[in-house]
Engineer: 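Following this message is one structure expressed as structure tokens.
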Amino acid sequence: MAPSPKMAQDSLGLVSNCQFWLQKLSIWEQASTLETQQDICLHLPRFQEFLMQVYQSLKEMNSNTAVERVPIIGQVLTKSCWNPFILAYDESQKILIWCLCCLINKEPQNSGESELNSWTRVRANHGLLSHLLSAFRFDIKEFGVFTQGLGYEPVDYCPGVLENMVLSLVSELKESRSDGFNTPSRMAPERVTSLSRVCIPLVTLPDIKPLLEALLTYHGHGSQEILWPEFFEAVNEAFLLRKISLPMSAIISLWLRHLPSLEKAMVHLFEKLISSERNCLRRTESYIQASWLPQAACHPAIFRMVDEMFRITLLETDGAPEILALLQVFTRCFVEALERENKQLRFALQTYFPYATPSLATMLLQLPEAIQGCQLQPLQYISDLLREAVEDQTYGSQGHPFESWFFFVHFGGWVNTVAELLLKSEDDPPVALLWLLAFYYSPQDGRLQREQTMVELKAVLGRLRTLFRSTSLTATDLQALENSTTEARPAWRQLVRRLLLDFLLWAPGGHAIARETIALMAGTDELTHEIIGFLDQTLYRWEHLGIEPPRSGKLARELLQELRAQV
């Protein structure tokens, strides 16, 4: 049967790729220089993709057809089997076995198929097969067809050789690290460097894991890094893709010694969150916990670097609500990790938050709900400290007001408490609480602009208190309130919408008009996402603290489900 046009095109592409890689493999086997090893390591991911392409093609055709269409396929596979870097890299070894299995006829039907088996036997001679299978780390049954087809018995793998070699190197590294004198027993820096280079293609092998940990936690006595940057990159990549696991000490050492790896871990986290469902903080928390970043951030240096990345992202996105929510969930995970690691802090809070006074940091690190009794007093204290840092010109050591705001927004739970207290209180709203809300939503304002915002905010709260007691509340009442103020800035509108949404959840008549009011507020997809974000954050907070009000919680869940179905 003649091949289809698509099959013919695929065969041409496979032949072209085989010619390219055969040339590469020939160069690699003729030289063992440092440059050659670097070139091999650089091409390993692409070569594994090529092997998978070969396997996908071979399994769709019989072995006779494969050799007819790609005559050099045997040379490519044979040379691959003799390259230790390829055998050690990720799943290349397994894919090679699959490819070779495709070339074997388990029960040859004619002389041609028997000759093909003999052809494969010549190329996959006993020495090559022993070499390949002796390093194979998968179930021996997986390639039983291949060994039986060639008439060989599976070669027993002797893990003791590799295990003893790894343990010997680990022991030598530990002795070198603990020995404070330049004795002959210490491993020379050049050898450590060479060892890290050799390990680059081996990082996913389970037997090598103790050696990776020993290298990551090994520190020479010089100021220069002695491990290869490519070693850090390979380990970090394997860790982020969950191909290896590492103890926390090794993770911290990896990210402290190689900043690009930490940056990549953060980018990897952001990419996962962007590709996942928007405004789902429970999933966000699970991704953050699985990244190990909050746990590693218990080391102040890592926390400061991670925090700086959040800071830059907030500046670049103009304080996007999604980034704020992510920062607040990360901070919650970090604080929990800090408490688990040590009830007594190993490092002063000032090392984590240099732009905040120790007393303010101590206060904000507490959950608002954990404070028994009246919460107004600690909120007034927080407001006074922040206001002094932002508006008092004599407080020069604290820098730009953005730094105070950036510190405050880590702890969004306090803002939620402020909003609820202001809505539920029968008394005049305290100036300190008005200032906190105005500062949270418009940190860039000067003193006069913020005071005007506080006046507007007080007026809105007065109207909401009146409506709170109304027996004939309507959605148009709340819509009119949203449009009645003279402020027109996006931040102000966002603050008012937040108060209206809180009002709908807490006011006696709010539940009955909630759907109609939200339909009037959610005029665009962006506004709908903003409302979804608020409801998701509210439910997340209630669930996390175990304080979900039955009626309000049920309403919030129903609204969230309905809005998510619309976008």
Engineer: Would you list the atom pairs, donor with acceptor, under 3.5 Å between side chains in residues 506-519 and any protein atom, with sequence neighbours excluded?
Structural biologist:
{"unit_1": "His511", "atom_1": "ND1", "unit_2": "Arg551", "atom_2": "NH2", "d": "3.3"}
{"unit_1": "His511", "atom_1": "NE2", "unit_2": "Leu505", "atom_2": "O", "d": "3.1"}
{"unit_1": "Arg515", "atom_1": "NE", "unit_2": "Glu562", "atom_2": "OE1", "d": "3.1"}
{"unit_1": "Arg515", "atom_1": "NE", "unit_2": "Glu562", "atom_2": "OE2", "d": "3.1"}
{"unit_1": "Arg515", "atom_1": "NH2", "unit_2": "Glu558", "atom_2": "OE1", "d": "3.0"}
{"unit_1": "Arg515", "atom_1": "NH2", "unit_2": "Glu562", "atom_2": "OE2", "d": "2.9"}
{"unit_1": "Thr517", "atom_1": "OG1", "unit_2": "Ile513", "atom_2": "O", "d": "2.7"}

Engineer: Sequence neighbours left out, what passes ring pair (Phe, Tyr, Trp, His ring centres under 6.0 Å) with Phe231? Give chain and number order.
Structural biologist: none

Engineer: To the nearest 0.5 Å, what is the distance between OH on Tyr540 and CD on Gln328?
Structural biologist: 10.0 Å

Engineer: If you take all heavy atoms of Ser359 and Leu385, which pair is closest and at what distance?
Structural biologist: OG-CD1, 3.8 Å

Engineer: Work out which heavy atom in Leu457 is nearest to a heavy atom in Trp492; give both atom names and the distance.
Structural biologist: N-CH2, 3.4 Å

Engineer: Can you confirm whether Leu360 sits close enough to Glu388 that some side-chain heavy atom of one is under 4.5 Å from a side-chain heavy atom of the other?
Structural biologist: no

Engineer: Got Pro401 and Pro443 here, is their nearest side-chain heavy-atom distance under 4.5 Å?
Structural biologist: no

Engineer: Mind jotting down which residue pairs meet the ring-ring contact (aromatic ring centres under 6.0 Å, His included) criterion with at least one end in residues 415-437? Sequence neighbours excluded, please.
Structural biologist: Trp435-Phe439

Engineer: If you draw a 6.0 Å radius around CZ in Arg557, do more than 12 non-hydrogen atoms from other residues or ligands fall strictly inside?
Structural biologist: yes

Engineer: Report the residues that fulfil side-chain contact (heavy atoms from CB on, under 4.5 Å) with Ser291, sequence neighbours left out, ordered by chain and then residue number.
Structural biologist: Leu269, Leu293, Pro294

Engineer: So, for Met363 and Pro378, which heavy atoms are closest and what is the spacing to 0.1 Å?
Structural biologist: SD-CB, 3.8 Å

Engineer: Please lay out, stage by stage, how Val306 and Phe330 fare under the test side-chain contact (heavy atoms from CB on, under 4.5 Å).
Structural biologist: CA-CA 10 Å; Val306 170; Phe330 181 89; 3.7 Å; yes

Engineer: For residues 526-534, tabulate all N or O donor-acceptor pairs below 3.5 Å that involve a side-chain atom, not counting sequence neighbours.
Structural biologist:
{"unit_1": "Glu526", "atom_1": "OE2", "unit_2": "Arg278", "atom_2": "NH2", "d": "3.2"}
{"unit_1": "Thr528", "atom_1": "OG1", "unit_2": "Thr524", "atom_2": "O", "d": "3.0"}
{"unit_1": "His529", "atom_1": "NE2", "unit_2": "Arg278", "atom_2": "NH1", "d": "3.4"}
{"unit_1": "Glu530", "atom_1": "OE1", "unit_2": "Arg497", "atom_2": "NH2", "d": "3.0"}
{"unit_1": "Glu530", "atom_1": "OE2", "unit_2": "Arg497", "atom_2": "NE", "d": "2.8"}
{"unit_1": "Glu530", "atom_1": "OE2", "unit_2": "Arg497", "atom_2": "NH2", "d": "3.3"}

Engineer: Please report the shortest heavy-atom distance between Gln537 and Ala325, naming the atom on each side.
Structural biologist: NE2-CB, 4.0 Å

Engineer: Any ion pair linking Glu308 and Arg311 (charged N to carboxylate O, less than 4.0 Å)?
Structural biologist: yes

Engineer: Of the non-hydrogen atoms in Pro45 and Leu42, which two are nearest, and what is the gap between them?
Structural biologist: CD-O, 3.8 Å

Engineer: State which residues pass salt bridge (Lys or Arg N to Asp or Glu O under 4.0 Å) with Arg332; sequence neighbours excluded, sorted by chain then number.
Structural biologist: none

Engineer: Determine yes or no for a side-chain-to-main-chain donor-acceptor pair under 3.5 angstrom, with Thr204 supplying the side chain and Lys243 the backbone.
Structural biologist: no

Engineer: Rounded to the nearest 0.5 Å, what separation is found between the CG atom of Leu539 and the CZ atom of Arg541?
Structural biologist: 11.0 Å

Engineer: So does Glu230 get a backbone contact from the side chain of Arg197, meaning a donor-acceptor N/O pair under 3.5 Å?
Structural biologist: no

Engineer: With rounding to the nearest 0.5 angstrom, report the CZ to CG distance, Phe310 to Leu326.
Structural biologist: 4.0 Å

Engineer: For Lys272, check side-chain contact (heavy atoms from CB on, under 4.5 Å) against everything at least two apart and list the hits.
Structural biologist: His268, Tyr287

Engineer: Mind checking side-chain contact (heavy atoms from CB on, under 4.5 Å) for Ala301 and listing every partner two or more places apart, or none if nothing turns up?
Structural biologist: Leu256, His299

Engineer: According to the salt bridge (Lys or Arg N to Asp or Glu O under 4.0 Å) rule, which pairs have a member within residues 291-303, sequence neighbours left out?
Structural biologist: none

Engineer: Measuring from Lys458:NZ to Leu433:CG, what's the distance to the nearest 0.5 Å?
Structural biologist: 12.5 Å

Engineer: Do Leu436 and Trp414 make a side-chain contact, defined as non-hydrogen atoms from C-beta onward lying under 4.5 Å apart?
Structural biologist: no

Engineer: If the condition is ring pair (Phe, Tyr, Trp, His ring centres under 6.0 Å), which residues does Trp255 pass it with, not counting sequence neighbours?
Structural biologist: none

Engineer: Do the charged groups of Glu426 and Arg469 touch, with an N to O distance under 4.0 Å?
Structural biologist: yes

Engineer: With no hydrogens and no angle check, just 3.5 Å: does a side-chain donor-acceptor pair link Ser245 and Lys209?
Structural biologist: yes

Engineer: A quick test of your reading: do over 12 heavy atoms of other residues, nucleotides or ligands sit less than 6.0 Å from CH2 of Trp292?
Structural biologist: no

Engineer: Between Ser383 (side chain) and Leu379 (backbone), is there a donor-acceptor pair under 3.5 Å?
Structural biologist: no

Engineer: Does Lys424 have more than 12 heavy atoms from other residues, nucleotides or ligands lying within 6.0 Å of its NZ?
Structural biologist: yes

Engineer: Whether the side chain of Asp477 engages the backbone of Thr474 through a donor-acceptor N/O pair (distance < 3.5 Å, no angle test) should be reported.
Structural biologist: yes

Engineer: Over 60° means perpendicular and under 30° means parallel, so classify the ring planes of Phe303 and Phe353, tilted if in between.
Structural biologist: perpendicular

Engineer: Is the side chain of Arg450 donor-acceptor paired with the backbone N or O of Ala438 at a distance under 3.5 Å, no angle test?
Structural biologist: no

Engineer: Does Glu263 reach the side chain of Met309, with side-chain heavy atoms less than 4.5 Å apart?
Structural biologist: yes

Engineer: Okay, side chain of Ser194, backbone of Glu190: is any donor-acceptor separation there less than 3.5 Å?
Structural biologist: no

Engineer: Taking side-chain contact (heavy atoms from CB on, under 4.5 Å) as the test, write out the residues that go with Ser472, two or more places apart.
Structural biologist: Ser470

Engineer: Which value, rounded to the nearest 0.5 Å, describes the distance between Trp542 atom CH2 and Ser552 atom OG?
Structural biologist: 5.0 Å

Engineer: Under 3.5 Å, side chain of Tyr352 to main-chain N/O of Cys298, donor-acceptor pair present?
Structural biologist: yes

Engineer: Measure from the side-chain N and O atoms of Thr217 to the backbone N and O of Ala250, and report whether any donor-acceptor pair falls under 3.5 Å.
Structural biologist: no

Engineer: Heavy atoms, side chains only, cut-off 4.5 Å: are Val460 and Glu456 in contact?
Structural biologist: no

Engineer: Report the distance from atom CG of Leu422 to atom OG1 of Thr417, rounding to the nearest 0.5 Å.
Structural biologist: 10.5 Å

Engineer: Given Leu437, which partner from the list Thr453, Leu461, Leu495 fulfils the side-chain contact (heavy atoms from CB on, under 4.5 Å) test?
Structural biologist: Leu495

Engineer: Any idea which heavy atoms bring Leu215 and Arg257 closest together, and the distance?
Structural biologist: O-NH1, 3.4 Å

Engineer: Does any part of the side chain of Gln449, heavy atoms only, come nearer than 4.5 Å to the side chain of Ser442, both counted from C-beta?
Structural biologist: no

Engineer: So, Lys264 and Glu233, do they make that salt bridge, N to O below 4.0 Å?
Structural biologist: no

Engineer: Enumerate donor-acceptor pairs with a distance under 3.5 Å from any side-chain N or O in residues 406-413 to protein atoms, sequence neighbours excluded.
Structural biologist:
{"unit_1": "His410", "atom_1": "ND1", "unit_2": "Phe406", "atom_2": "O", "d": "2.6"}
{"unit_1": "His410", "atom_1": "ND1", "unit_2": "Phe407", "atom_2": "O", "d": "3.3"}
{"unit_1": "His410", "atom_1": "NE2", "unit_2": "Asp307", "atom_2": "OD1", "d": "2.6"}
{"unit_1": "His410", "atom_1": "NE2", "unit_2": "Asp307", "atom_2": "OD2", "d": "3.4"}

Engineer: Regarding Asp536 and Arg283, does a basic nitrogen lie under 4.0 Å from an acidic carboxylate oxygen?
Structural biologist: no

Engineer: Answer yes or no: is there a donor N or O on one side and an acceptor on the other, between the side chain of Thr331 and the main chain of Leu327, under 3.5 Å?
Structural biologist: yes

